[in-house]
Structure formats: structure tokens, C-alpha cells
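Here is the structure we will look at, set down as C-alpha cells.
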2 protein chains.
Amino acid sequence: MPAAKKPRKSAIDPADFKGRAATINDIARLAGVSKKTVSRIINRSPLVREETRERVEALMREVGYTPDPLARGLAFRRSFLIGMVYDNPTAQFIVNMQYGALDALRGSGFELVVHPCDSRSPDYIDGVRRFVQQQKLHGVMLVPRVSEDQALADMLASIGCRYTRIAAVALDAHSRMVITHDRDGAAEAADYLQTLGHRDIALITGPGAYRSAIERTEGFVDALSRRGIKLPKSRVLEAGYTFESGVAAAEKLLSAKDRPTAIFCENDEMAAGVYRVALRMGISIPRQLSVIGYDDSPLASRLWPPLTSVRRDTRDTGRIAAAMLIQSEDDLRGRPVASVRPHLVARDSCQPPEA
Amino acid sequence: MPAAKKPRKSAIDPADFKGRAATINDIARLAGVSKKTVSRIINRSPLVREETRERVEALMREVGYTPDPLARGLAFRRSFLIGMVYDNPTAQFIVNMQYGALDALRGSGFELVVHPCDSRSPDYIDGVRRFVQQQKLHGVMLVPRVSEDQALADMLASIGCRYTRIAAVALDAHSRMVITHDRDGAAEAADYLQTLGHRDIALITGPGAYRSAIERTEGFVDALSRRGIKLPKSRVLEAGYTFESGVAAAEKLLSAKDRPTAIFCENDEMAAGVYRVALRMGISIPRQLSVIGYDDSPLASRLWPPLTSVRRDTRDTGRIAAAMLIQSEDDLRGRPVASVRPHLVARDSCQPPEA
DNA sequence: CTGAAAGCGCTTACAG
DNA sequence: CTGAAAGCGCTTACAG
């Protein structure tokens, strides 16, 4: 009978577990501690001796152990999933928000599960509730425009689900908000146009029911007013954040005898609509008409001339919103409110008005 | 002592469970069967008497019971999550694929978890493996271009993970493929240009390492050749599926003395680059130059003139790929291979060549 | 067709 | 600072 090999730490390898992954029991046994101690280490409890923690953590790394999120979820009564809830923003916005959220989640053991919905549907809140409760979500990110729906936030609070709301202004407790300061972005556009010498300026807004549109409108109008320019009602047209609605608004503005020398559009899609109409009518951008958009989407640099636009760091926004959901609520308290600031990206679609 | 109320079935409501959700034990107790029978019903086992099944199902509906995916996942050693793995396609493509996948998953109890990655990174396959194993994913959808990576597919097979690959041609067993027939889409573009009377045609391709680009190129070249048009090497430029690479290729093609009368671009981004160069050089589309793109992205209708493009039903593709993952493997066997056909959407960017 | 026992891999509540 | 017992809500393997 050959002498039993002396087990050396460095001899442990995943193959020891015959194809199955290591469990908390394997770690406890190999480390010579109870599974509860291992559990404490997994959950970063301070109630573990430093030497023990280091030894067990080294072992975990060696065998490539990661705790099973299903088992942890079952015991915690809460999964390691973060939900992202949104209602049809542009594709680039969704994707950037997802990339940002995943930046924050990488290496944390949390994963991102996506939930588009239709906020005009009467039972969409119920749909979100089922999504959250059935999956026992750890938390959800609410993206504009669903982030603006107080009834949705109230429902989530009532079932004890953590959430972060991404919106132009603080609609909720600071620990639940990421503020995008749309008012400031629009104000920057206004200042820029005034500085270039424009006085006869028009505004194509998003839908009045959207908080982002309200803020961009007020930010733009107020900033112009601070610089002594009054925007008459006839120069403000409400549209729908779509290309087609931008076309319709531009047709009204540009077919009038006294057309404006500059137009600020509250998103890039509508600015593309203005380009379309200007091209059709033989109005040269920027010589005869300056145009500014909002979003700085890929479209902005595909247009000719490249569109000056207010950039928002959507990826950063998503990263912050997700990071807040996986922080301890203590860490969140007492911090300044999370915010992401927009800024103007000047390209070639603006110049001083013709004499 | 008041007489105990006789429990009527219709009197059961979720509040009976004092805030906590009903469990399989509640259902079993209330229905007067064992939890194993309830489990059989959840899992659609045929080994349950019809009357029993109906009675229990009615009860489940009444109390709003849904099985806990964490508990089921722990017992099954497999979660109810479908992963979507991709490496930076366009935003619209990703989002449409996600919508499609969610169409298939809705009401199934499965959810979609997203996993973008960088296939140029040496350890990206390892990253996908950790993602799959840690979350115990039920299956993953592989989107181009990661779908074309045989090493990735092999790794998934080796760890026993179900997958579906979306690609231009069958790269794998039929039960694991959704075929997009890019060759046919490109051929349709070729036929259209030939029918319009073009003979001097150019092609701007995607990267030669992409299967989609290979197929679109061969489909286009072969279709022209069948119609008696030979595409000289000098008329075929490889680009990178990006706007900028489209600009560069267009500059070469359009600055030559004998420029082509039509250009087929293997995606819309590159077609937008051709538009940019044509505009700068004063070449009128479609009068002096016909252009066709591929994807039929939103960009196609934002351009002026609206771009003729090969549409692919990405949402449908995603729906089929996800549906295959949650079907039983028996159901999948013996079926014809899943496929989605592209088709040309004619807009205003093509006309017969000038005399 | 139905059920009692054991187990999936963790955590909580309690004890020391 | 550490541990033994019970439990999270399901399924598997076995028995009848």
C-alpha cells in the first residue's frame, strides 16, 4: 500500500472536483473551517480573523471558486440581477446605457437583464412588477421616460425594490437619482447662438409630457432671456423627438417669409429633419441657417455639415445608475446627488448670421 | 367561539400568504396534493391526471403563483436566463436583436441577460465561459461576429451549454443555426442594378474576416457574373463597415477619371460615407451615381435621397434564435434549418445611368 | 398516476 | 471570532 500523498496546497486544482464546480463545502473542508466562515468571507463580514480570510481567499482563487448566485439568491430571497427598464428611447441611447451599466457590474457578480416596455399600455406597471417580483431583482434602473413616472417609482417602493431614476431633475430622494441637467445643456446651446450673433432664433421642442423636453425648453428660453433675447411663441414649436416631426416643424419655420437664422432642436433626430427641409428648400447650413441638436448621436457626425450638438455621457450615466444599485445603502447616504453634465460639441452647423 | 369559516376556493387570495408569495408547498397544501404533483404540473409532465392538473392550475392562477426561478435553478443546476453575446455591431442591430429575443421569451419565465465583449481580446472566450458557468445560463445567442468564431462555439459545446449562432451560412448543426442568407441579399442588389442598366459597377466590402462580408461579396459578384457583368479587381474595395472607411473607399472610386455609375456598399454606414464624398465632389445621387446599402438601418431613410438598401429582419432573427434555445431539443430535431431572408427596399438612391 | 425523503449551495438565527 | 442546525423553494431518484 503506497503511502498517501501529503496534500500540498499547490496541488489542489479544479479537476479535484471531477468536473463539477467547487462548492462552499469543498472550500470549508479544504481550508479546515466551517462553511459559515467561508460564507462570512464571501459576504465581506468583518467578523473573520485576517489570517483566516487570507488563507481561505487564496484557496478560493486557487480552485477558481465563485459562489453560486442561484443558491445565494435563494437563501437571500433576492437575485443578483439588475433590471434595466425603458420605453423605446433611441437605439444608441439604450446601448450606451447598457454598456455603462455593465461597466459598473463587471466583476461584481451581478448581471444585467433588460426590460423594454410600453409606458402607454395601461398595465405596463404591472408588467414591471411581475418582472421584479418573479426574478427577485436586486434593483432596477429606470431610464427616461419611464424614470419620470411617479406611479412606477411608487410601485417599486411599495414592493421594497431598490431603483435609480435617470432624469433631468431630482424627482426623488438623492440616493435614487442620477441627474442629467438638461437645462444646462440647452442653456449652453442658447449662449453659443447668442455669442455667434443670432437674435432671431427658433426652438423645436420634444413632447411637453417629457421632463427632458420641459427642462431643455426652459433652459434654452431662460438663457436667451438672460442675454436679452426674447423668444416669441411663434418661434417655439412642439414636436415629438422624431425625424418626421422635425421635418414638419422645420417646414413651418422655414417656409415663413421671415425665417429664423438659427434653430435649436431638442434632439438630433429632429435636427436631421431640419437638414432635410433645408436641403429641399435650398437653404444652406450653416451659411443661411445655423442648427444645433441634442444627444450628439452618431447621426450628428453623419450629417453634412456635421451637426453641432449637446453631448450627454449616456454611458457614464448608466455606469453611475448601476453602481448606485450595488452599493450599500449606507455608502449612498450623505453623498452629494449623482449627476452627469452635458456639454456642447461644436461642429460645422453654426456660424454668425448673414449680414 | 364563532364557527370556523368554511374555506371556499374562491376565497383564497394572495393576502392569505401575509405578504410573502405563495410557494409550491402552499399550492400543494391548498390543492390537497403532494408538492411533487405540483412540480410535475409546473414542468408539464404528462404523468398527472387531467382533472388534477386542471384543478391545481386553476388554484395557481387564483393565488397568482409562479415558481421561483432561483429555487428551480438551484435544483436544476441551470438558471432561467438566456445570454446574448455580441461584439459591437451597430446599436440598432443590437437593440432589434434584443427586442426579438424578448418577443420569444415573453411569458416563458426566461429572461435575457446581455453580454457585450471584445473578440479581439485574447481572453474573451474565457470571459464568456465564466459568464455562462457562473450564471449557469440555460443557453446563449451568438450574434455576428462572435457567432462566426468556431473556438467560441467549441468552448460552449465542451461545457455543455446550448447555443444558437446567427450567421450568413450554416457553420454548425442545423439545430444551432439561424441563417441570414446574406448572399441572396447582395444578389438582389446586383440584379436590381443590372436591371436598371448599370454596367460599370463598384463594390465596397466589409472586412474580409467577416463571414457576412465574404457572403455579400460573393453573392454580388456571382449575380453580376450570371448576368454577364464582370467586376474587375479595381472596382472592389475592402473597407471596414464604418462610415470613415466608406469615405476613404468612395474617395478612391470617385476621384478616378472613369468613375462607376453605381456602388453597392455592404452596409449602410459605408453608404453614408459614399454620400458624404459625392456631396463634397458635387456628384449627384442618383442622377450621376446610384448607391445601395445593406441593413436598412434608420440612417437609410435619414439620408437624402433616401437610400435603397437590403433589409434584414433582425428582430425576427433574434426571436427565432431565442425561441430555439427554449424549445426542447426533441422539437428541434428533424426540422428544416431556421432562416431569415433579406430583401431589397427600393428608395430613391438608384436610377438608370446617364446616357 | 402519486408521494416521502434527500439534496441543490447557499444564508439566517442562534449559541458559544 | 467561529460553528452546528434549520431553512430558502424547488427537483431528482426511488418506491409504490
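The shown structure was predicted, so the numbers you read here are calculated from the model rather than taken from an experiment. Side chains are part of it too, since the values below use all heavy atoms of this structure and drop only hydrogens, waters and symmetry mates. Chain letters run A, B, ... following the sequence lines, proteins first and then strands; every chain starts at 1.
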request  = For B:Pro46, report the nucleic acid contact type (base, sugar-phosphate, nothing); a contact means any heavy atom under 4.0 Å.
outcome  = sugar-phosphate

query = Does A:Thr37 make a side-chain N or O approach to OP1 or OP2 of D:dG3 shorter than 4.0 Å?
reply = yes

ask   = Starting at CG of B:Leu47 and ending at P of D:dG16, how long is that distance when rounded to a whole Å?
value = 18 Å

remark   = Every stem of 3 or more Watson-Crick or G-U pairs under 3.5 Å that DNA chain C joins, in order of first number, is C:1-3 with D:14-16, C:5-12 with D:5-12, C:14-16 with D:1-3

So which protein nitrogen or oxygen atoms get under 3.5 Å of nucleotides 11-13 of chain C's nitrogens or oxygens?
| residue | atom | partner | partner atom | Å |
| --- | --- | --- | --- | --- |
| C:dT11 | OP1 | A:Asn43 | OD1 | 3.3 |
| C:dT11 | OP1 | A:Asn43 | ND2 | 2.6 |
| C:dT11 | OP1 | A:Arg72 | NH1 | 3.3 |
| C:dT11 | OP2 | A:Ser39 | OG | 2.3 |

Ring pair (Phe, Tyr, Trp, His ring centres under 6.0 Å): pairs with one or both residues in residues 135-159 of chain B, sequence neighbours excluded = B:Phe110-B:His138

key: Partner residues of B:Glu54 under the side-chain hydrogen bond (donor to acceptor under 3.5 Å, both in side chains) criterion, sequence neighbours left out   = none

ask   = Atom CG of A:Asn25 and atom P of C:dG7: how far apart are they, to the nearest Å?
value = 12 Å

ask   = Would you call B:Glu51-B:Arg55 a salt bridge at under 4.0 Å N-O?
value = yes

ask   = Is the closest basic N to carboxylate O distance between A:Arg130 and A:Asp126 below 4.0 Å?
value = yes

query = Among B:Leu59, B:Thr52, B:Ile41, which one satisfies side-chain contact (heavy atoms from CB on, under 4.5 Å) with B:Val33?
reply = B:Thr52

Ring pair (Phe, Tyr, Trp, His ring centres under 6.0 Å) partners for A:Phe131, two or more places apart = A:His115

inquiry  = Without decimals, in angstroms, what is the distance between B:Asp26 CG and D:dG7 P?
reply    = 15 Å

query = CG of B:Leu70 versus C1' of D:dC10: gap in Å, rounded?
reply = 10 Å

inquiry  = Between C1' on D:dG9 and CD on A:Gln135, what's the gap in Å once rounded to a whole number?
reply    = 15 Å

request  = Kindly indicate whether the side chain of B:Tyr163, heavy atoms from C-beta on, has any atom under 4.5 Å from the side chain of B:Val128.
outcome  = no

ask   = Is a side-chain N or O of A:Arg162 found less than 3.5 angstrom from the main chain of A:Met324, in a donor-acceptor match?
value = yes

key: side-chain contact (heavy atoms from CB on, under 4.5 Å) partners for B:Ala323, two or more places apart   = B:Ala104

ask   = What is the distance, rounded to the nearest whole Å, between atom CD1 of A:Ile27 and atom C1' of C:dG9?
value = 12 Å

inquiry  = By the 4.0 Å heavy-atom rule, please label A:Phe80 as base, sugar-phosphate, or nothing.
reply    = nothing

query = Between C:dA6 atom P and B:Leu74 atom CG, what is the distance in whole Å?
reply = 18 Å

First of B:Lys136 and B:Val48 reached from the 5' end of DNA chain C, by closest nucleotide = B:Val48

